[in-house]
Number of protein chains: 2
Amino acid sequence: MMSAMGAEPRLRIMRLLLSAHPEGMVVGDIQSELGIPGSTLSHHLEKLKIVGLVNVSRERQFLRYSANTDVLQNLLAFLFDECCSRSSAIKPQSIANLCKPDTD
Amino acid sequence: MMSAMGAEPRLRIMRLLLSAHPEGMVVGDIQSELGIPGSTLSHHLEKLKIVGLVNVSRERQFLRYSANTDVLQNLLAFLFDECCSRSSAIKPQSIANLCKPDTD
DNA sequence: ACTATGTTTCTAGTATAATAGAAATAAGGT
DNA sequence: ACCTTATTTCTATTATACTAGAAACATAGT
């Protein structure tokens with residue numbers, strides 16, 4: 001998954017899909033937004049789908065892709081676990097607070 | 001950075017260095033622990049160093065590598081920011097709680 | 001059935017990355 | 001100065017990934 005997110009075109013796709021979450025976007029819109037040729041885009045979407053970072057569903061003749069936030073959450077949890085339980089070097093609160101100053 | 005962590009040998013290195021945090025490890029110990037030939041290991045360590053995920057310091061004739069937890073924290077913060085501020089789809093607390101059930 | 005549109009698969013070229021043996025460099029001990 | 005140990009750089013090979021045009025496939029409308 002990190003390898004998948006490590007490629008710039010795919011990180012751009014993920015960020016775009018997160019902007020459009022939870023509705024997601026159809027391929028054509030992603031394509032015109034990012035300016036990536038169809039076949040190249042399809043290849044990247046395929047990779048993101050394989051590792052589970054995105055979900056796909058048909059909508060008439062369009063394919064709608066959306067970010068799989070459960071999987072993203074697992075990735076974040078894994079990284080946290082590595083950092084915290086292995087080394088206690090990172091303070092989760094300092095990061096969590098960045099996102100939700102209103103809850104808690 | 002995600003690309004760097006996305007390669008399996010390098011993820012193994014990072015996990016090992018996090019286990020040994022904050023002391024870190026000298027190259028020879030990493031090598032015997034992971035069973036990676038010296039030149040290959042050196043190549044991977046170089047990459048991790050370039051993206052800032054590890055720090056190096058000389059210690060007599062050894063080179064000691066250690067995980068750069070500040071940079072890791074920034075990476076986590078970036079991911080959180082993408083997920084939370086773009087989509088509000090991820091609950092930071094659910095992850096933060098995995099690590100520190102005693103603080104807060 | 002035919003046409004139009006959206007998306008993928010096929011194919012191939014190019015670039016980047018992983019691997020590791022051998023030689024070179026660095027630091028330390030005698 | 002020389003030898004030993006630690007690590008890197010050099011070099012080359014092999015494998016994998018990125019890119020994208022063209023053709024194929026899927027769905028919808030007429």
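Residue numbers start from 1 in every chain, and the chains themselves are labelled A, B, ... in the order their sequence lines are given, proteins ahead of strands. Just so you know, these numbers use all the heavy atoms, side chains as well, and skip hydrogens, waters and symmetry mates. Note that the structure is predicted; figures quoted are calculated from it, not measured.
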Show me the donor-acceptor pairs, under 3.5 Å and distance only, between side chains in residues 26-33 of chain B and residues at least two apart or in other chains.
{"residue": "B/S32", "atom": "OG", "partner": "B/G28", "partner atom": "O", "Å": "3.1"}
{"residue": "B/S32", "atom": "OG", "partner": "B/D29", "partner atom": "O", "Å": "3.2"}

- Which residue pairs satisfy the salt bridge (charged side-chain N to carboxylate O under 4.0 Å, His left out) criterion with at least one member in residues 35-55 of chain A, sequence neighbours excluded?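 Applying salt bridge (charged side-chain N to carboxylate O under 4.0 Å, His left out) to every pair that reaches into residues 35-55 of chain A, excluding sequence neighbours, yields A/E46-A/K49.
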Could you report the tightest heavy-atom contact between [X] and [Y], atom names first, then the distance?
| X | Y | result |
| --- | --- | --- |
| B/L75 | B/M1 | CB-CE, 3.4 Å |
| B/L48 | B/V51 | O-CG2, 3.4 Å |
| A/L72 | B/C83 | CD1-SG, 4.0 Å |

- All side chain to side chain donor-acceptor pair (under 3.5 Å) counterparts of B/R15, not counting sequence neighbours: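 Once residues adjacent in sequence are excluded, the partners of B/R15 under the side chain to side chain donor-acceptor pair (under 3.5 Å) criterion are A/E82.
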- Message: B/H44: which residues meet the side chain to side chain donor-acceptor pair (under 3.5 Å) condition with it, sequence neighbours left out?
- Response: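 Here the qualifying residues are B/R10.
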- Run the numbers on A/M14 and A/V54 for side chain to side chain contact (heavy atoms under 4.5 Å, CB included), then give the verdict. CA-CA 8 Å; A/M14 287 307 297; A/V54 300; 3.7 Å; yes
- Query: How long is the line joining CG of B/D29 and P of D/dT7, in whole Å?
  - Reply: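 Computing the B/D29:CG to D/dT7:P distance gives 8 Å.
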- For the pair made of CZ in B/F62 and C1' in D/dT8, what is the distance, rounded to whole Å?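 So the two atoms are 16 Å apart, to the nearest Å.
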- Item | From A/L11 atom CG to A/L53 atom CG, the distance as rounded to the nearest 0.5 Å |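 With rounding to 0.5 Å, CG (A/L11) is 10.5 Å from CG (A/L53).
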- How long is the gap from CG on B/L18 to CD1 on B/I13, to the nearest 0.5 Å?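 If I round to the nearest 0.5 Å, the distance is 12.0 Å.
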Name the atoms and distances for all side-chain donor-acceptor pairs under 3.5 Å in residues 57-68 of chain B, with sequence neighbours left out.
{"residue": "B/R58", "atom": "NH1", "partner": "B/Q61", "partner atom": "O", "Å": "3.3"}
{"residue": "B/E59", "atom": "OE1", "partner": "B/R64", "partner atom": "NE", "Å": "2.7"}
{"residue": "B/E59", "atom": "OE2", "partner": "B/R64", "partner atom": "NH2", "Å": "3.2"}
{"residue": "B/R64", "atom": "NH1", "partner": "B/E23", "partner atom": "O", "Å": "3.3"}
{"residue": "B/R64", "atom": "NH1", "partner": "B/G24", "partner atom": "O", "Å": "3.1"}
{"residue": "B/N68", "atom": "OD1", "partner": "B/D70", "partner atom": "N", "Å": "3.2"}
{"residue": "B/N68", "atom": "OD1", "partner": "B/V71", "partner atom": "N", "Å": "3.3"}
{"residue": "B/N68", "atom": "ND2", "partner": "B/G52", "partner atom": "O", "Å": "3.3"}
{"residue": "B/N68", "atom": "ND2", "partner": "B/N55", "partner atom": "OD1", "Å": "3.4"}

- Query: Among all residues two or more places apart in sequence or in another chain, which pass the side-chain contact (heavy atoms from CB on, under 4.5 Å) test with A/L79?
  - Reply: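 Result, side-chain contact (heavy atoms from CB on, under 4.5 Å) vs A/L79: A/M2, B/M5, B/L76, B/L79.
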- Which part of the nucleic acid, if any, lies within contact of A/R10, taking any heavy atom under 4.0 Å across all strands shown: a base, the sugar-phosphate backbone alone, or nothing?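 Sugar-phosphate contact only - A/R10 comes under 4.0 Å of backbone atoms but never of a base.
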- Message: What contact category does B/G38 fall into here, base, sugar-phosphate, or nothing, at under 4.0 angstrom with non-hydrogen atoms?
- Response: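 The answer is base, as B/G38 lies within the cut-off (heavy atoms under 4.0 Å) of a base atom.
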- Members other than B/I50 in its cluster, when Ile, Leu, Val, Met, Phe, Trp, Tyr link by side-chain heavy atoms under 4.5 Å?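 Listed partners: none, B/I50 stands alone.
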- Message: Taking the axis from the first five pairs and the axis from the last five, what angle separates them in the helix from C/dA1-D/dT30 to C/dT30-D/dA1, rounded to 10 degrees?
- Response: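 The two end axes of the helix from C/dA1-D/dT30 to C/dT30-D/dA1 meet at 20°.
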- Message: Please confirm whether the shortest side-chain N or O distance from B/Y65 to OP1 or OP2 of D/dA6 is below 4.0 Å.
- Response: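 It does not, given that no N or O in the side chain of B/Y65 lies less than 4.0 Å from OP1 or OP2 of D/dA6.
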- Which ones in residues 39-53 of chain B lie close to DNA chain C, meaning a heavy atom under 4.0 Å from one of its atoms?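 Close to the strand are B/S39, B/T40, B/H43, B/H44, B/K47.
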- Please list, in 5' to 3' order, the outermost nucleotides of DNA chain C lying under 4.0 Å from any heavy atom of chain A.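 Range of nucleotides within reach of chain A: C/dG6 to C/dT9.
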Would you tabulate the nitrogen or oxygen pairs shorter than 3.5 Å linking the protein to nucleotides 25-27 of chain D?
{"residue": "D/dT27", "atom": "OP1", "partner": "A/R58", "partner atom": "NE", "Å": "3.4"}

